[in-house]
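For the single chain, residues carry numbers from 1 onward in sequence order.
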Amino acid sequence: MERMPKAMVKAEVCGTCAHYRQHYVLVDKERCYMPLWYGHCNLPMYKHASPDETCDRWEESPGLK
């Protein structure tokens, strides 16, 4: 069963936080990187976050301003 991709929105969630680091996978056929629905937080003790999670240390990403 194929999962539908979730769209990124401008909201105070991990996926839009300055501390969030998105994980990607290399697609050999197309030679491009595809984002996974997974990443991590650069702050201590906040690891393994998905883009739609939230926490009290959210800061706006410079790319969203």
Side-chain angles (χ1 to χ4, degrees):
M1 184 159 132
E2 189 175 325
R3 291 176 65 184
M4 294 298 293
K6 295 183 181 179
M8 292 301 296
V9 295
K10 190 171 181 179
E12 292 186 8
V13 294
C14 290
T16 61
C17 181
H19 306 293
Y20 183 74
R21 301 298 177 256
Q22 181 70 48
H23 290 192
Y24 296 86
V25 63
L26 177 62
V27 180
D28 286 334
K29 258 186 183 176
E30 300 171 21
R31 294 191 172 195
C32 64
Y33 286 95
M34 300 293 291
L36 299 173
W37 193 254
Y38 185 75
H40 71 273
C41 181
N42 262 3
L43 295 175
M45 299 178 65
Y46 284 85
K47 304 294 178 189
H48 308 295
S50 65
D52 59 350
E53 291 180 16
T54 60
C55 82
D56 59 343
R57 298 169 121 188
W58 184 88
E59 291 181 26
E60 187 173 17
S61 179
L64 296 175
K65 291 181 180 177

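- The two residues Tyr20 and Gly15 make their nearest non-hydrogen contact at CD2-CA, 3.8 Å.
- The CZ atom of Arg31 sits 9.0 Å away from the CG atom of Leu26 when rounded to the nearest 0.5 Å.
- From His40, atom NE2 reaches atom OG of Ser50 across 14.0 Å, with rounding to the nearest 0.5 Å.
- Between Glu12 and Thr54, the shortest heavy-atom distance links the atoms O-CG2, 3.4 Å.
- Distance alone, capped at 3.5 Å, places no donor-acceptor pair between the Tyr38 side chain and the His23 backbone.
- Pairing each heavy atom of Arg57 with each of Pro44, the nearest pair is NH1-O, 3.6 Å.
- Tyr24 and Met34 are assigned to two separate hydrophobic clusters, defined by single-linkage of ILVMFWY side chains at heavy-atom distances under 4.5 Å.
- Between the Trp58 side chain and the Val13 main chain, a donor and an acceptor come within less than 3.5 Å of each other.
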